[in-house]
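Okay, structure first, notes after.
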Amino acid sequence: MLQGITVLCDGVEVGRLANGRFFALALPQGEHVIADKRPQYNLRFRVESGREYYVQARWISRFPFAYVPGFELMAEQHGRPYVRALRPA
């Protein structure tokens with residue numbers, strides 16, 4: 001069974017996600033990196049003032065029976081309704 005994904009923002013642990021959960025972060029303007037403990041699987045993005053960003057964390061199959069965490073930036077119109085269906089972490 002897959003464990004939760006440990007989420008780091010700019011190298012600092014900010015949460016641990018289980019299936020069907022979410023959490024929110026308030027980030028300053030500028031470039032940020034969302035990652036798991038494995039730095040090769042990260043998402044780098046730029047935050048602009050006044051906007052909301054949604055990042056989906058999920059397990060991705062890489063090899064038979066091997067999974068790695070993945071992060072994807074979602075468009076606001078897709079992310080907002082998606083999060084409403086989840087529970088807080």
Side-chain angles (χ1 to χ4, degrees):
M1 179 176 210
L2 295 174
Q3 300 296 315
I5 296 176
T6 300
V7 181
L8 293 95
C9 182
D10 302 328
V12 177
E13 185 173 329
V14 293
R16 189 166 173 81
L17 288 174
N19 191 29
R21 302 293 183 147
F22 79 95
F23 64 87
L25 292 175
L27 298 173
Q29 292 184 96
E31 190 167 292
H32 297 280
V33 177
I34 299 289
D36 183 65
K37 294 177 182 177
R38 300 159 195 86
Q40 66 269 32
Y41 304 109
N42 62 38
L43 171 68
R44 185 177 301 271
F45 65 104
R46 179 167 295 283
V47 170
E48 297 174 7
S49 180
R51 295 200 50 209
E52 290 184 11
Y53 296 85
Y54 296 85
V55 176
Q56 181 180 30
R58 59 193 169 104
W59 289 106
I60 301 169
S61 176
R62 286 287 186 225
F63 307 102
F65 309 110
Y67 293 86
V68 296
F71 299 94
E72 178 183 354
L73 192 60
M74 299 176 74
E76 187 173 340
Q77 67 268 24
H78 299 299
R80 184 173 295 177
Y82 185 82
V83 167
R84 286 185 184 140
L86 302 175
R87 296 182 307 195

Distance from [X] atom [atom1] to [Y] atom [atom2], nearest 0.5 Å?
X: Y54; Y: L73; atom1: OH; atom2: CG; result: 11.5 Å
X: K37; Y: L8; atom1: NZ; atom2: CG; result: 8.0 Å
X: C9; Y: N42; atom1: SG; atom2: CG; result: 11.5 Å
X: N19; Y: I5; atom1: CG; atom2: CD1; result: 9.0 Å

- Would E72 and V55 count as a side-chain contact (heavy atoms from CB on, under 4.5 Å) if you check the C-alpha gap in whole Å, the side-chain angles of each, and the deciding distance to 0.1 Å? CA-CA 5 Å; E72 178 183 354; V55 176; over 6 Å; no
- Task: Evaluate the criterion side-chain contact (heavy atoms from CB on, under 4.5 Å) for residue pair H32 and R44; output intermediate values, then yes/no.
- Result: CA-CA 6 Å; H32 297 280; R44 185 177 301 271; over 6 Å; no
- Message: Membership question, hydrophobic clusters at under 4.5 Å side-chain separation (ILVMFWY): are F23 and V33 in the same one?
- Response: no
Do [X] and [Y] have side chains that approach each other closer than 4.5 Å (heavy atoms only, starting at C-beta)?
X: L17; Y: V7; answer: yes
X: L25; Y: V14; answer: yes
X: F45; Y: I34; answer: yes
X: F71; Y: I60; answer: no

- Would you kindly say whether Y53 and E76 are connected by a side-chain donor-acceptor distance under 3.5 Å? no
- Before accepting this row, confirm whether a basic side-chain N of the pair R80/E52 lies closer than 4.0 Å to the acidic partner's carboxylate O. yes
